[in-house]
Each structure stands twice: as structure tokens, then as C-alpha cells.
Amino acid sequence: MSRFSVIVPAFRAQGYLRESLDSVLAQSFTDWEALVVDDGSPDTGGAIAAEYAGRDPRVRALALPEHTGAGAARNAGIRAATGDYLLFLDADDLLLPGALGAIDAALTEEKDPDVLLYDHDSTDWWDTVRASDDDLTCGDPLAVTPAAWNRAVRRDFWTARALAFTPQGPYEDVVPAHRAVLEAERVATLPRACVRWRRRRTGGLAQTPGEQHRAVVERYGELLAGPAGARLFPYAITRVLAVLDDETRTTPGDRPGLFRLAAELHRAHRPAGHTPGGPREQALADGSWSAYRRTARGDERREALRGRLARQKKKLRAGLMRAAYRTDLHTSRLDPTLAVYGAYWNRGVSCNPAAVHARARELAPHIDGVFVVSGKHAGQVPDGVPHVIEGSRRYWQVMATAKYLVNNSSFPGGFTKRPGQVYLQTHHGTPLKKMGLDQRRYPAGTHGISFAKVLAHTDQWDYSLSANPHSTEVWERVYPSAAYAPLEAGYPRNDVYFRTSDEEIRRIRTGLGLADGQRALLYAPTHRDYQKGFRPRLDLARLADSLGDDTVVLVRAHYFYAAEAALADAHPRLRDVTAHPRVEDLCLAADALVTDYSSLMFDYACLDRPIVTYAPDWQAYRLARGTYFDLLSGRPGDTPGAVATTQDELTELLRGGGWDTAATTALRSAFRDRFCPYDDGHAAERVVRKLFLGE
């Protein structure tokens, strides 16, 4: 008997089924069986199921004599299942990495409840990932999407309650999904996306309008006639109206008929004392399609009007701010004691600008520093750091009057550099990948970059900070301008690696939950220009399992993917540190860095600790983005240490000691000589003395 029976109904899904089954086979939690039910599909789905069954004994292929529907296929899978819990996965959807492990951990923690509801996300055919609208922390399980694929149900509970999917027709999972929640003694929730719902451009129910969607009324009619009908009623009406208003499910010609059925449902099952929850439900209660249509159109008009007004207001405000800025440029005097800082497109106080700002407070206290941040990041500004919100009146005032401008990217909104202003471009990494004008040869990574604007921005710089001679050479070529001079001072953000005490490092490790003697690996992959979303090329839970109890893996997703990492509950020895405010603290806490092409490797080299390059897609990365040297060559100065191109190779390096040898130490030493020659703990001081004190 297995912990989980994963039931996969398959009909006309041959283009998706392999990826779906691969997502099950790739799970680090291995105590499962998968039952793939060929629902009389005319394509090769049955053959694919048989192929996987022949490859892995945990996969079983079943076949129905004719096509009936997903409900009958799931019922057949349930009859053959032997697992403790039933899970359902559509043949075109995916189990996300670590999902089964997280589900098992949640079930164990909750002492095996009847039902566990878990979250999902969705993606379209453009690979745009969106979080669900479900709130699994609200304590209301009936508000969760009533689907088969977002819950684990104890098999003996399912059998005892005689639960079953509607054998034929759409919305086959509505009845058992709701009944499971209504009849369970204990329902638990896991607020973690475990399934990725892949929306198909064609062929899926949600993208095919028609009268078949009237079935939603029939399904809820069956439920509302039951003993829990009064409790379910408001949720049922909300779901039915959502289908009625969904243009991907109903055409204008379908809606009057569906409304009539919904009104009959409302009239037949409305509990005594129930008050309609708004104008739309009131129109439904009155049975007035014309009133409902007027309400819907009124809502649409009001929403459109609000959108237009918001856009006009934003445009008007921006115009007024720019007009005031232009006036300030001509009427306000430069303030020789004011410096404006920005980092990572206004994401907060970090990187080289933050280190310069902090050192300037000590060495040049006459300089008033203010950071530019976006409104959504304003709450993350540390106490005591003055800041302005991008686009505000105060923002434009300081941009017009500040003597000094310091940024690692660019200031928002476009600005006109005044005579007398001094602009330091600090950059935010040593270039491995092609940058600036060199990107023109690699269009996959440009995403509509205007190189004319890049050059116009470059012409505003007075100083271009370099961490090493390699950077100086690259910046001079890819950001060509006679306006700026190179400032070869090292990276101020790296000073912390030379100035932090052992006691402070112990405090940082304790704050991250790391025990004395426990090895900490920082896994920090960079983003890929040729893909969307966070897709680690590691089964992180399996890696953590293979390394044993004495190793913790700190996972730092690139900030582009911060909202998508969702690794917090994947494994007890994984730490999702994507949202940690200081990457420098993570580096100080880590005994080794595992990365691919991230510029963090150049900073981490300052610590003289092992660096492992995990590069499973090196060729694709080089072709898509271009690189300045061969990271995997093994040549001194190019490769910072041990190299792995598969997960098995990486695991063997980390378990067998190959990550830290005399040979890797020699490589790291040459790498440091090439890329960290100026880093000594005093880079920020050199910058402050040059920029603000004129030394």
C-alpha cells in the first residue's frame, strides 16, 4: 500500500501527458502509485501510459472501453487504487516540485485528516504563471475552488461516504469536491501551490463556451437538495454566477437560458431568511434577466470609467510633476550637500549605493543622503534612512537640486542632468553575460531594449565604478562615452566580507536557524532571459535528502522570481531565503556557494570559501545571452572551483568532498586574483573620499 494514489484521467492530452507524468516521477517523495486511465482516447495517450508503466512499476495503465468523461475515468482509478490518500491530476497539469513531500508533511502534522486542501497556480500557453485567487488561510474551506486536483482525500473516508465523480458531463468534480469538505470531520489546508493548472488554448472546458456549462446548475441543484444545502447556498450561487459572467464559458446567446436555470435554482433552494448578496443576486432572486443585464452592464461601465479616470489622473499627475521639475531645473539652485541614491530600479536600500550611503554618513556627515524607492517597496526601507517615492513631487525636487546622483541601475521617469551634477554609476555585478551594446548580437536577452536610450543614459555618468580590470574593459566598450571616467575602487557592497566578526556571523547563522557544526550551502541561481518563472534545475528536496541531517540548503531565487519561489515548506532542511533583505548576510552564513551564472560568485569569492558551479544548461545560456569567458573551462581565472552539469554530479561533489580540494582551492585563488583585486574592506571609503571629499 502506498501513501498516495495519484489518479490521472487521459483524453486527447497526448501533447501534455508526458510532462504531467514526468512531474510525478520527479517528486522527491517516492511513496506513491500513479494510475493513468485512458478514457477511450483516440490519440496515443494509452500508448504513452503503457510506456510509463513499463518504465516504472509505480505507474499503472488502465483503459476504459469507450470515452465517457473524466468523472468515469477517475472513478475507475479510485476502484483500482491502494493508497492511503487519493490525489487527482489532470493529464495536462503538473505537480510542482516538492509537492508530494509537502502534502505528506502537512498530513502528518495534522494527524491524517479526512481532507487536505492545497493551493495551485496556473499558466497559459505563453508560460505566464499566475497565483490562484484562493485564500487557504481564511479558514473557510468552502470558498476554495471546488476541483478534484487541489485536494488529497483519505481513501477509506471517500469509500465510507460513497463519494463519486459524476460519471458523465462537465463539472463532474463539483459534487464530490464539496461533499468531501461538508462531510469531513477534519479538513486541513496547505497554503502552498502544489499543482500547476495549464490552461489550454483549445480543447479545454474553460476555453470552450456553449450550453454544456448549464451542467453547473444541475450539479449544484443536486448538492443544494442535500442536508447541507443551506450552508452551501451562498457559495453555490457565487459559483454559478461566475460561470454566467465568464465570457470564455458563455456566449451572449447562452446567457439568458443559463440565467433562467440559475433563477430556478435560487428560487427552489433559497434558505429562509437569506438576504441576496448584492444587485446581481437580487436580480436573480427576482428572475429578471433584464435587471441582471443592466446591473452587469452598469458594473462594466463603472469599472471601465474607474479605469479611465485612474489612467487620466495618473497621466495628469505625471505631467504636473514633470512641469514642476522643469521649473525647478531653471529656478532652484543645486544643493552641494544633497545626494540621491537608487538601487535595482527603486526596489529598496541595497547593493553598492547602500554601502556608499552608510560610509558617507561616517566620513562625509555634511552630505544628506536620500534613497529613491517605489511605493510598494517603501515599507522595506530601514529605519533612519531618508527616502522619497518615485514620481512624487519630492522625488522630482531632489532630482533637480541634488549635487550627487548614485545608482546601480537608473533613475525612474527620465531626468535631465544639470550642469554641476555628478553621477556615479556603481553597476551591480561583474559581467559574465554580455551587457550593453554587446547584447545587440543576442536578441533573446534584449526584451525591447532601446540602445539609443542606453547610450543617452551612459552620457550622463561622470564615474563608472569597477570591481576589477575585467569590468573596466567591458564597461568601456559596451557603454562607450567620453563623459565618464572609470573609478577602479572595488565594490563597496563587498566591504562587509572583510569587516564582519566571527561573533556577528554566528548571530546571522542563528537567525537563519543554522545549528553549530551544521553545513550551510547557499544555492543562488540567476534568471534566464529565455524562460519565464522560477524553474530550479534541481530537485531541491531530493538534494537536501541526499546530503543528510548535517547540511541545510539556503535557496535564494533571483529577485525577478521572488513571488514564485514558494519553497518555504518543501523540506525541513531547505530554507527559502529569497525574501531575506541582505544577501550579504546569506553569504556570510554559508559554508559554500552553489550557483550557475550569477554575479554573486564574484562577490562570494571575497570570502575565500568554496564555490561550486552547477551549470546544466551552459550551452543554451551561452547561445541565448552570450558570455565573456568560459566558466566551465577549468582554466585558472575562468572557473572558480568544482563544476557539475547534472544533479547526480552535484550530489557526488557535495557528498564525496570534491567540492573542496587542493585543486578547487587553487582555482578559487586564481579567480579571486582576477576578479577581486580591489576588494579589501575599504572600497566604500575610497568611493566616498573621491566623490564627496574630492580626494
*Donor-acceptor contact below 3.5 Å, side chain Asp617 vs main chain Ala620*: no
*Mark yes when over 12 heavy atoms from residues, nucleotides or ligands other than Glu109 sit less than 6.0 Å from its CD; otherwise mark no.*
no
*Check the pair Leu182 / Leu232 against side-chain contact (heavy atoms from CB on, under 4.5 Å), numbers first and verdict last.*
CA-CA 9 Å; Leu182 289 165; Leu232 184 62; 4.3 Å; yes
*Which pairs count as ring pair (Phe, Tyr, Trp, His ring centres under 6.0 Å) when at least one residue sits in residues 73-99, sequence neighbours excluded?*
Phe88-Trp158, Phe88-Phe165
*asked:* Classify the ring geometry of His213 against Tyr171: parallel below 30°, tilted from 30° to 60°, perpendicular beyond 60°.
replied: perpendicular
*Quick check: does any side chain N or O of Arg196 sit under 3.5 Å from a backbone N or O of Ala193, one acting as donor and the other as acceptor?*
no
_If the condition is salt bridge (charged side-chain N to carboxylate O under 4.0 Å, His left out), which residues does Asp173 pass it with, not counting sequence neighbours?_
none
*Please list, chain by chain and in numerical order, all residues satisfying side chain to side chain donor-acceptor pair (under 3.5 Å) with Thr44, sequence neighbours excluded.*
Gln14
*asked:* For Tyr220 and His178, which I'm curious about, is there any donor-acceptor pair between the side chains at under 3.5 Å?
replied: yes
*asked:* The criterion is salt bridge (charged side-chain N to carboxylate O under 4.0 Å, His left out); which residues satisfy it with Asp596, sequence neighbours excluded?
replied: Arg528
*Have Ser132 and Asp121 got a donor and an acceptor in their side chains that come within less than 3.5 Å?*
no
_Nearest heavy atoms of Ala184 and Val187, plus distance in Å_ = CB-CG2, 3.6 Å
*Locate the shortest heavy-atom distance separating Ala520 from Ala589; write the atom from each residue and the value.*
CB-O, 3.8 Å
*asked:* Test: ring pair (Phe, Tyr, Trp, His ring centres under 6.0 Å). Region: residues 46-79. Which pairs qualify, not counting sequence neighbours?
replied: Phe11-His67
*For the residue pair His428 and Trp345, is the inter-centroid distance of their aromatic rings smaller than 6.0 Å?*
yes
_Beyond-backbone contact of Asp549 with Gln518, side-chain heavy atoms, under 4.5 angstrom_ = no
*Locate the shortest heavy-atom distance separating Leu62 from Gly77; write the atom from each residue and the value.*
CD1-CA, 4.2 Å
*asked:* Can you list everything that forms a side chain to side chain donor-acceptor pair (under 3.5 Å) with Trp659? Sequence neighbours excluded, please.
replied: none
_Step-by-step side-chain contact (heavy atoms from CB on, under 4.5 Å) determination, Val553 to Arg575_ = CA-CA 6 Å; Val553 182; Arg575 305 276 195 280; over 6 Å; no
_Counterpart residues, salt bridge (charged side-chain N to carboxylate O under 4.0 Å, His left out), relative to Arg154 (two or more places apart)_ = Asp114, Asp156
*Ionic contact status for Arg55 with Glu51, cut-off 4.0 Å*: yes
*With sequence neighbours left out, write down each residue that passes salt bridge (charged side-chain N to carboxylate O under 4.0 Å, His left out) with Asp516, or none if nothing qualifies.*
none
_So does Val115 get a backbone contact from the side chain of Arg151, meaning a donor-acceptor N/O pair under 3.5 Å?_
no
*Going by atom types only, do Thr645 and Glu649 share a side-chain donor-acceptor pair under 3.5 Å?*
yes
*What residues form a ring pair (Phe, Tyr, Trp, His ring centres under 6.0 Å) with Trp149, not counting sequence neighbours?*
His120, Trp197
*asked:* Would Val6 and Leu35 count as a side-chain contact (heavy atoms from CB on, under 4.5 Å) here? Give the steps.
replied: CA-CA 6 Å; Val6 183; Leu35 299 102; over 6 Å; no
_Sole residue of Arg186, Arg155, Arg3 in salt bridge (charged side-chain N to carboxylate O under 4.0 Å, His left out) with Asp112_ = Arg3
*Quick one: does Asp43's side chain have a donor or acceptor within less than 3.5 Å of a partner on Gly45's backbone?*
yes
*Give a yes or no on this: more than 12 heavy atoms of other residues, nucleotides or ligands lie within 6.0 Å of atom CG of Asp133.*
no
*asked:* Are the side chains of Trp32 and Leu25 in contact, using a 4.5 Å heavy-atom criterion?
replied: yes
*For the pair Tyr614 (side chain) and Leu538 (backbone), establish whether a donor and an acceptor sit closer than 3.5 Å, ignoring hydrogens and angles.*
no
_Leu650 side chain near Val594 side chain, heavy-atom distance below 4.5 Å_ = yes
*Pairs satisfying salt bridge (Lys or Arg N to Asp or Glu O under 4.0 Å), at least one member in residues 57-75, at least two apart*: Glu33-Arg60, Asp56-Arg58, Arg74-Asp90, Arg74-Glu172
_I want to check something: taking the side chain as every heavy atom from C-beta on, are Tyr523 and Leu540 in contact at a cut-off of under 4.5 Å?_
yes
*asked:* How close do Cys194 and Ala99 get, counting heavy atoms only, and between which atoms?
replied: O-CB, 3.4 Å
*So, does Thr68 use its side chain to make a donor-acceptor pair with the main chain of Gln168 at under 3.5 Å?*
no
*asked:* Tell me whether Ser598 contacts the main-chain N or O of Leu600 through its side chain, where contact means a donor paired with an acceptor under 3.5 Å.
replied: yes
*Any side-chain donor paired with an acceptor under 3.5 Å for Ser41 and Asp39?*
no
*Qualifying residues under side chain to side chain donor-acceptor pair (under 3.5 Å), relative to Glu110, sequence neighbours excluded*: none
Between side-chain atoms of residues 91-98 and protein atoms elsewhere (two or more places apart, or another chain), which donor-acceptor pairs fall under 3.5 Å?
unit_1 : atom_1 : unit_2 : atom_2 : d
Asp92  : OD2    : Arg200 : NH1    : 3.3
Asp93  : OD1    : Arg198 : N      : 2.9

*Considering non-hydrogen atoms only, spot the tightest contact between Arg130 and Asp124 and give its length.*
NH1-OD2, 3.5 Å
*asked:* For Thr551 and Arg519, which I'm curious about, is there any donor-acceptor pair between the side chains at under 3.5 Å?
replied: yes
*asked:* A quick test of your reading: do over 12 heavy atoms of other residues, nucleotides or ligands sit less than 6.0 Å from CZ of Arg655?
replied: no
*Determine yes or no for a side-chain-to-main-chain donor-acceptor pair under 3.5 angstrom, with Thr250 supplying the side chain and Asp246 the backbone.*
yes
_Modelled atom types, side-chain donor and acceptor of Asp648 and Thr646, under 3.5 Å_ = no
_Check: Met1 main-chain N/O paired with Thr82 side-chain donor or acceptor under 3.5 Å_ = no
*If you round to the nearest 0.5 Å, how far is OG1 of Thr651 from CG of Leu543?*
5.0 Å
*Return yes if some donor-acceptor pair links the side-chain N/O of Arg609 with the main-chain N/O of Ala590 below 3.5 Å, else return no.*
yes
*Can you name the closest pair of heavy atoms from Leu593 and Ala524 and give their distance?*
CD1-CB, 4.2 Å
_Run Thr189 and Asp119 through side-chain contact (heavy atoms from CB on, under 4.5 Å) and show every step you take._
CA-CA 8 Å; Thr189 57; Asp119 206 353; over 6 Å; no
